[in-house]
Amino acid sequence: MTEGKWKIDILCQLGTASRRFGRLRQSIPGISEKMLAQQLREMEADGLVDRKVYSQTPAKVVYSLTQRGAALNAAAGSLCLWGEQFGLPCNVPNKAEYA
């Protein structure tokens, strides 16, 4: 379900706000378009991410967390805080939200 280098980063970014593909890619340095698309498809199949397509030209697609994805995001933040209490590094960019 969360296997993949970028999925926690995607969860964290979508945990702050719904995003379009381009904005999401900009907010995660180092991820390629191909990898982002693949990870989003997998997360959508797992019920973590919702993909909403607006019928307009040019096409508009917005990604957001489902209730299940938001719960996983909160759990990941809690694990991050636990790790920091015991001297483990945390690479979650929005860890202040979980304090």
Side-chain angles (χ1 to χ4, degrees):
M1 184 177 300
T2 58
E3 185 177 309
K5 177 180 178 179
W6 302 102
K7 288 184 180 173
I8 296 297
D9 292 323
I10 294 168
L11 278 173
C12 289
Q13 292 301 319
L14 292 178
T16 60
S18 298
R19 307 238 174 135
R20 292 179 72 173
F21 184 89
R23 182 63 56 133
L24 188 55
R25 183 164 179 246
Q26 288 174 350
S27 67
I28 304 172
I31 193 169
S32 68
E33 282 188 33
K34 179 182 174 184
M35 183 56 65
L36 179 57
Q38 177 184 332
Q39 299 285 285
L40 286 168
R41 277 193 302 271
E42 290 175 9
M43 293 172 77
E44 184 181 6
D46 290 337
L48 301 173
V49 171
D50 181 51
R51 180 178 185 263
K52 185 168 182 173
V53 180
Y54 295 88
S55 59
Q56 64 185 49
T57 305
K60 178 180 175 182
V61 179
V62 177
Y63 294 92
S64 59
L65 292 182
T66 62
Q67 185 176 1
R68 184 177 185 184
L72 180 58
N73 190 35
S78 296
L79 284 173
C80 183
L81 291 175
W82 173 84
E84 285 186 331
Q85 284 181 321
F86 295 96
L88 302 172
C90 181
N91 297 326
V92 176
N94 300 316
K95 64 185 173 192
E97 292 177 15
Y98 305 109

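Values reported hereafter were calculated over all heavy atoms of this structure, with side chains retained and with hydrogens, waters and symmetry mates removed. In this chain, numbering begins with 1 at the start of the sequence shown.
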Using every non-hydrogen atom in the two residues, find where I8 and A76 come nearest and quote the distance to one decimal.
CD1-CB, 4.3 Å
Nearest heavy-atom approach of R20 to A59 is NH2-O, 3.7 Å
List the atom of L40, the atom of V49, and the distance in Å for their closest heavy-atom pair.
CD2-CG1, 4.3 Å
dist I10:CD1 -> S27:OG (nearest 0.5 Å) comes out at 9.0 Å
Quick one: pull up CD in Q39 and OG in S32 and give me the separation to the nearest 0.5 Å.
9.0 Å
Working to the nearest 0.5 angstrom, can you tell me the gap between I31 CD1 and D9 CG?
7.5 Å
Tell me whether the count of non-hydrogen atoms from other residues, nucleotides or ligands lying under 6.0 Å of CD in Q67 goes above 12.
no
Please round to the nearest 0.5 Å and tell me the distance separating atom NZ of K7 and atom CG of N73.
14.5 Å
Closest heavy-atom pair, T66 versus D50, reported as atoms and distance to 0.1 Å, is CG2-N, 3.8 Å
By salt bridge (Lys or Arg N to Asp or Glu O under 4.0 Å), which residues pair with R25, not counting sequence neighbours?
E33
Please report the closest heavy-atom contact between G47 and R68, naming both atoms and the distance.
O-CB, 3.6 Å
Any idea which heavy atoms bring V62 and Y54 closest together, and the distance?
CG2-CE1, 3.6 Å
